[in-house]
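Taking it in order: structure first as structure tokens, then the write-up.
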Amino acid sequence: MSGISGSGLPELKLYNTLTRAKEGFVPLDAGLVRMYVCGPTVYDHAHIGNARPVIVFDLLYRLLRHFYGAEHVKYVRNITDVDDKINARAVTEFPGLDLNEAISRVTAKTEAQFHDDLEALGVLHPDVEPRATEHIGQMRELIERLVASGNAYVAEDHVLFSVPSMPDYGQLSRRPLDDMIAGARVDVAPYKKDAMDFVLWKPSKPGEPGWSSPAGIAVPGRPGWHIECSAMSWAHLGETFDIHGGGIDLVFPHHENEVAQSRCAFHSGIMANVWMHNGFLQVEGEKMSKSLGNFITINQLLADWPGQVLRLNMLKSHYRQPIDWTVKGLEESAKTLEQWFDASAPDAYPRPAPAVLEALADDLNTPKAIAEMHGLKDHAGKKALAGTLAFLGFEAGPLREWTAARTPTLDVDAATVEARIAERIEARRNRDWAASDRIRDELLALGVALKDNKDGTTTWEPKR
RNA sequence: GGCCACGUGGCGGAGUGGUUACGCAGCGGACUGCAAAUCCGCGUACGGGGGUUCGAUUCCCUCCGUGGCCUCCA
């Protein structure tokens with residue numbers, strides 16, 4: 001195919017939100033491809049919508065490792081463990097405790113749950129999983145730089161980013177400043193010089209988590225929402241890096257503001273070369289929301305489905321497309337996985353099928369990749385199918401266990417079934433079809449499905 | 001209101017300026033005493049209306065519908 005380069009690998013193309021175009025991927029340094037993805041704010045169980053970026057960028061991570069070598073890729077996915085929502089949660093969940101103690105319990109518990117969820121989903125651990133609270137020093141440093149360069153100012157113990165100080169603010173979300181100011185519908189805090197200015201640092205109330213403040217502010221404070229990602233990506237990937245990912249909802253304001261902070265702090269024209277955003281998820285045709293009662297956590301789904309099935313179900317749609325999360329879709333995904341595992345043959349040297357790699361290299365075209373996998377079910381493709389399943393993070397074990405557990409327990413023991421099968425074989429030998437069919441029907445009523453094989457034997461399995 | 005996506009056969013879901021992926025379901029056939037399982041085959045779709053073009057599902061305009069963002073939601 002024309003897409004295959006001299007290395008034997010297809011050209012990797014990724015859609016870049018910054019340019020609104022699919023582009024050939026060229027790393028800043030092929031010796032170390034660097035990717036940052038916005039991880040969760042740990043205040044509550046992750047919901048199925050949170051699982052989408054984690055799975056999508058896990059796939060990209062696997063692909064990058066395949067292309068550049070595992071030791072030449074650095075993937076950073078953060079944990080945001082300082083946030084107003086965490087504080088609010090801590091108060092309601094542990095009302096008797098000291099706030100800071102309550103907060104650490106909330107974050108520790110939520111983070112552990114998140115990790116359990118991801119393991120079930122077959123998601124690889126990123127190379128670094130930094131926490132916001134461990135990077136307060138870098139946040140202060142960034143803020144000091146922004147104040148020094150005139151991109152930020154102090155007001156009433158807050159530090160605010162001055163949006164008008166950055167002439168080309170808004171490139172990522174393509175929102176000209178004029179439009180935003182005209183459409184602003186938010187209450188503007190009185191200490192803001194401009195309605196669009198956003199908080200880099202804010203004072204802590206008594207009892208709240210607080211750190212010594214930058215920019216000469218006397219009272220303790222805590223970071224605003226966006227600064228933590230600028231600090232953590234800087235600390236672990238440098239001033240500029242290759243790929244920055246997250247959900248489409250983060251384009252504005254979160255990523256736009258990250259770009260503003262990092263570019264102004266480093267006097268740089270670019271923060272990350274490629275910005276990738278996954279589409280939203282709906283549940284049974286409706287927007288997922290707590291008020292509609294269709295808010296589903298990963299944890300809840302894992303009670304009924306193996307993580308493997310959730311993973312495939314997520315990848316059935318292209319990552320930039322909206323996805324409608326349905327039980328019907330999950331059933332179909334489970335069936336597909338079972339077919340694949342049934343058809344695959346272990347290989348001593350597992351590797352993904354070239355056609356699958358080519359599909360994935362084209363901006364992670366997972367539906368195309370899945371179609372290619374269906375074509376591997378015949379004899380010639382069985383080993384490639386096994387290699388592809390492994391590459392994509394699918395394991396047979398959990399699915400098999402789930403299938404077995406899902407099969408209703410039978411009221412009859414194997415010996416009885418075998419005896420009745422023997423009885424039926426005898427009846428068939430005598431061409432007594434009435435007796436044969438009666439035995440088959442009786443066993444079926446007990447949940448036992450018979451199969452008459454070509455070689456004359458009869459085998460059975462629990463009815464699905 | 002502003003900005004931005006999306007709308008493909010019964011369902012899910014790619015893709016393409018002209019030879020119409022793939023899966024599920026359905027139907028037909030093979031196999032079977034009959035079934036089941038399996039295998040083989042079949043279904044000619046691109047929201048409405050204009051336009052560009054020899055030709056549009058694919059490009060442009062418009063309308064309708066769904067969804068997202070517009071300061072802390074992936």
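Sequence lines set the chain letters: A, B, ... in the order given, protein chains first and strands last, and positions in each chain run from 1.
Straight-line distance between the P atoms of B/C69 and B/A74: roughly 11 Å, to the nearest whole Å. Across B/C42 and B/G10, the matching C1' atoms stand 15 Å from one another, rounded to whole Å. Taking the P atoms as reference points, B/U58 lies 11 Å from B/C46, given to the whole Å. Annotation: B/C6 and B/G13 have their C1' atoms spaced 14 Å apart (nearest Å). Comparing the same atom, P, in B/G43 and in B/C22 gives a spacing of 11 Å after rounding to whole Å. Nucleotides B/U52 and B/C59 are separated by 8 Å at their C1' atoms, to the nearest Å. The same atom, P, is picked in B/A30 and in B/A21; the two are 26 Å apart, to the nearest Å. Nucleotides B/U8 and B/U57, compared at atom P, are 15 Å apart to the nearest Å.
Partners of A/Glu372 according to the salt bridge (charged side-chain N to carboxylate O under 4.0 Å, His left out) rule, which considers only residues two or more places apart in sequence or in another chain, are A/Lys368. Applying the ring pair (Phe, Tyr, Trp, His ring centres under 6.0 Å) rule to A/His135 yields the partners A/His236; only residues at least two apart in sequence or on another chain are considered.
Atom pair A/Arg320:CZ and B/A14:P shows a separation of 10 Å (rounding to whole Å applied). Between A/Gln282 atom CD and B/G12 atom C1' there is a gap of 14 Å when expressed in whole angstrom units. A straight line from CG of A/Asp324 to P of B/G68 spans 12 Å, rounded to a whole angstrom. Across the protein-nucleic acid pair, A/Leu250 atom CG and B/C72 atom P stand 13 Å apart, rounded to whole Å. Here the P atom of nucleotide B/G13 and the OH atom of A/Tyr319 are 17 Å apart, to the nearest Å. One interatomic measurement links the two molecules: CG of A/Asp362 to C1' of B/A21, which rounds to 14 Å at whole-angstrom precision. Rounded to a whole Å, the CG atom of A/Asp84 is 10 Å from the P atom of B/C72. In this structure, the CD1 atom of A/Ile48 is 14 Å from the P atom of B/A74, given to the nearest Å.
Contacts classified as salt bridge (Lys or Arg N to Asp or Glu O under 4.0 Å) and involving residues 34-57 of chain A (residues at least two apart or in different chains) are given here: A/Asp44-A/Arg89, A/Asp44-A/Lys290. Counting only residues at least two apart or on different chains, no salt bridge (Lys or Arg N to Asp or Glu O under 4.0 Å) pair has a member in residues 382-396 of chain A.
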Quiz item: Which string of ( ) [ ] | and . matches RNA chain B, if you list each base 5' to 3' and count Watson-Crick or G-U pairs only when both distances are under 3.5 Å?
Solution: (((((((..(((.....[...))).(((((.......)))))....(((((..]....))))))))))))....
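Judged purely by distance below 3.5 Å, without hydrogens or angles, the side chains of A/Trp234 and A/Ser262 never pair a donor atom with an acceptor atom. The closest side-chain donor-acceptor pair between A/Glu258 and A/His254 falls under 3.5 angstrom. Between the side chains of A/Thr459 and A/Asn453, at least one donor N or O sits under 3.5 Å from an acceptor N or O.
A salt bridge does not link A/Asp441 to A/Arg438: none of the charged nitrogens lies less than 4.0 Å from a carboxylate oxygen. A salt bridge does not link A/Glu338 with A/Lys335: none of the charged nitrogens is closer than 4.0 Å to a carboxylate oxygen.
Under the 6.0 Å distance and 45° angle rule, A/Arg400 does not count as a cation-pi partner of A/Phe341.
Picking from B/A14, B/U71, B/A74 the nucleotide with the shortest atom distance to the side chain of A/His318 gives B/A14.
RNA chain B is contacted by both A/Asn257 and A/Gly39; A/Asn257 maps to the nucleotide lying nearer its 5′ end (nearest heavy atom per residue).
You'll find a donor-acceptor pair under 3.5 Å spanning the side chain of A/His47 and the base of B/A74, going by distance alone.
As judged by a 4.0 angstrom heavy-atom cut-off over every strand, A/Asn365 is placed among residues touching the sugar-phosphate backbone only. A/Gly246 comes within contact range of the sugar-phosphate backbone alone, with a heavy-atom separation under 4.0 Å but no base atom that close.
For the pair A/Phe280 and B/G67, the ring geometry does not qualify as stacking, because the centroid separation below 5.5 Å and plane angle under 30° are not jointly satisfied.
For B/G68, the base is anti relative to its sugar; the glycosidic angle deviates from 0 by more than 90°.
Each of A/Tyr61, A/Phe57, A/Tyr36 was compared with A/Tyr75 under the ring-ring contact (aromatic ring centres under 6.0 Å, His included) criterion, and only A/Tyr61 meets it.
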Practice problem: Going 5' to 3' through nucleotides 22-36 of chain B, assign each nucleotide B (protein heavy atom under 4.0 Å from a base atom), S (under 4.0 Å only from sugar-phosphate atoms) or - (no protein heavy atom that close). | Solution: SBSS-----S-BBBB
